[in-house]
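Hydrogens, waters and symmetry mates play no part in the numbers below; they use all other heavy atoms, side chains included. Read the numbers this way: they start at 1 and go in the same order the structure lists the ligands and their atoms.
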Amino acid sequence: MIDEAAAALGAAGRVVVFTCAGISAESGVPTFRDDLTGLWARYDPEQLATPEAFDTDPDLVWGWYEWRRARVRQASPNAGHVAVAAIEARVPGSVVVTQNVDDLHERAGSTAPIHLHGSLFAPRCAASAHPAELPESAAASDGGRIEPPRCTECDALVRPGVVWFGEPLPEAALSAAVDACGDCDVLLTVGTSGVVYPAAALPLIAARAGATVIQINPDRTPLDDVCTFNLRGTAAQLLPALVR
Ligand code: BV8
């Protein structure tokens, strides 16, 4: 199956690569549905990644994101991220869309990944959305509460530059991703549980537009039925084999 998938990818003129938490797992960055470790083991990410959680306990939520940012800074891109950058180099005009808020695609050489859910590296004023400076990462080894900085313009709290549950995705990013998925020969979806919308609809949009959809995931997901190829395995193992 991987040979047919590699052949389809090799013959494609227009490629979209859609990546999610699974592609960063082999870099040591926990996915959303991995068992969180240490202090965070008792929290549900879907509860923490909300405006309500930040309003209720800004120090806890900011501390969680600082812990995650510190984990990302300690991590390095893996062979999966490098293979995605190789696809971009080989197929002019290919588009990388990611649900991830880390910077591992950029550090692997991807030029302009579309971040549907924002970035750990773009904090902003919670009141005015004015971009804020990234503090020196203050995350204790196990995370824990950290008081968020304050906006230099209006003194409101600074929040993480991510899209929380219940918040709309950045319009320009979502529309660029939908347009690319509706007009590609191959969509390669890597490491998503396929449960968070509207991002999880992207493989469906590509399939409905007639694209070949290749999924890489060690497990079954709700996207299996719309995929042409379901490659069971990890990003760092299978992506280099696809892009040989
Ligand atoms: C919104 C940033 C509306 C924050 C994240 C239908 C339509 C629209 C919305 C909804 C809908 N139904 C429900 C909703 C609401 C909600 C939603 O989808 N809820 C789910 C839980 C049902 N959606 C929203 O709230 C979205 N907003 O719709 O707004 C609106 C419109 C106008 C005005 C107001 C409101 C916002 C969603 C974005 C939330 N933010 N992240 C942060 O990072 O903290 S989501 C977060 O979880 C990730 O970004 C990711 O997108 C998502 C899922 O995570 P995955 O990436 O899939 O990772 P996960 O851990 O789940 O799975 C990892 C996978 O990798 C697994 O399958 C595993 O097997 C695999 N894997 C593991 N290791 C490897 C591997 N694969 C390969 N290699 C490996 N080594």
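A donor-acceptor pair shorter than 3.5 Å can be found between the side chains of Gln99 and Thr192. In this structure, a donor-acceptor pair under 3.5 Å is absent between the side chains of Ser110 and His81. No side-chain donor from either of Glu167 and His117 sits under 3.5 Å from a side-chain acceptor of the other. A side-chain N or O of Gln215 and one of Thr221 form a donor-acceptor pair less than 3.5 Å apart. Thr212 and Thr228 share no side-chain donor-acceptor pair at under 3.5 Å.
Atom 77 (C) of ligand 1 has its closest protein heavy atom at Ala235 N, 3.6 Å. The shortest contact between atom 18 (O) of ligand 1 and any protein heavy atom is with Tyr197 N, 2.8 Å. Closest protein heavy atom to atom 68 (C) of ligand 1: Asn217 OD1, 3.7 Å. Looking only at heavy atoms of the protein, atom 51 (O) of ligand 1 is closest to Gln99 OE1, 2.6 Å. Here the heavy atom of the protein found nearest to atom 1 (C) of ligand 1 is Glu167 O, 3.4 Å. Closest to atom 31 (C) of ligand 1, if we only count protein heavy atoms, is Pro168 CB, 3.9 Å. Atom 35 (C) of ligand 1 has its closest protein heavy atom at Gly166 O, 3.3 Å. What sits closest to atom 21 (C) of ligand 1 on the protein, heavy atoms only, is Glu46 OE1, 3.6 Å.
If you number the atoms of ligand 1 from 1 as listed, the ones under 4.0 Å from a heavy atom of Leu169 come out as 36 (C). For ligand 1, the atoms lying closer than 4.0 Å to a non-hydrogen atom of Glu26 are 78 (N), 79 (C), 80 (N). Residue contact check: Asp219 has heavy atoms under 4.0 Å from atoms 69 (O) of ligand 1. Heavy-atom proximity to Cys20, at under 4.0 Å, picks out these atoms of ligand 1: 56 (O).
Geometrically, ligand 1 and Ala21 share a nitrogen or oxygen pair separated by less than 3.5 Å. Not one N or O of Thr234 is nearer than 3.5 Å to an N or O of ligand 1, by distance alone. Checked against a 3.5 angstrom limit, the closest N/O atoms of Thr221 and ligand 1 fall outside it.
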Q) Does the side-chain contact (heavy atoms from CB on, under 4.5 Å) test come out yes or no for Leu242 and Leu231, once each step is laid out? A) CA-CA 10 Å; Leu242 264 186; Leu231 306 179; 4.1 Å; yes
Q.
Show, in sequence, the C-alpha distance, side-chain angles and deciding distance for Ile146 and Tyr65, and conclude whether the side-chain contact (heavy atoms from CB on, under 4.5 Å) test is met.
A. CA-CA 10 Å; Ile146 301 175; Tyr65 281 93; over 6 Å; no
Q) Run the ring pair (Phe, Tyr, Trp, His ring centres under 6.0 Å) check on Phe54 and Trp164 step by step: do they pass? A) CA-CA 10 Å; Phe54 186 72; Trp164 279 326; 5.4 Å; yes
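Residue Gly191 holds the heavy atom nearest to atom 64 (C) of ligand 1 of all those in Ser119, Gly191, Ala25, Pro198. When Trp164, Phe165, Tyr65, Trp64 are ranked by how near their heavy atoms come to atom 44 (O) of ligand 1, first place goes to Tyr65.
No salt bridge links Arg150 with Glu133; every basic N to acidic carboxylate O contact stays at or beyond 4.0 Å. Note on Asp57 versus Arg145: salt bridge recorded, some NZ/NE/NH1/NH2 to OD/OE distance being below 4.0 Å. A salt bridge does not link Arg73 with Asp102: every distance from a Lys NZ or Arg NE/NH1/NH2 to an Asp or Glu carboxylate oxygen is 4.0 Å or more.
Residue Val195 touches ligand 1 through its backbone alone, judged by heavy-atom distances below 4.0 Å. Only the side chain of Arg68 comes within contact range of ligand 1, with a heavy atom under 4.0 Å; no backbone atom does. The part of Val101 lying near ligand 1 is the side chain, judged by heavy-atom distances below 4.0 Å.
Within the structure, the closest approach of Leu120 to ligand 1 does not fall below 4.0 Å when heavy atoms are considered. Within the 4.0 Å heavy-atom cutoff, Pro218 counts among the residues contacting ligand 1.
In this structure a side-chain-to-backbone donor-acceptor pair under 3.5 Å is missing from Asn230 to Arg220. For the pair Gln47 (side chain) and Asp44 (backbone), a donor-acceptor distance under 3.5 Å is absent.
Trp67 does not carry Arg69 over the face of its six-membered ring by the limits of under 6.0 Å from the centre and within 45° of the normal.
For atom 15 (C) of ligand 1, no protein heavy-atom neighbour is present inside the 4.0 Å cut-off.
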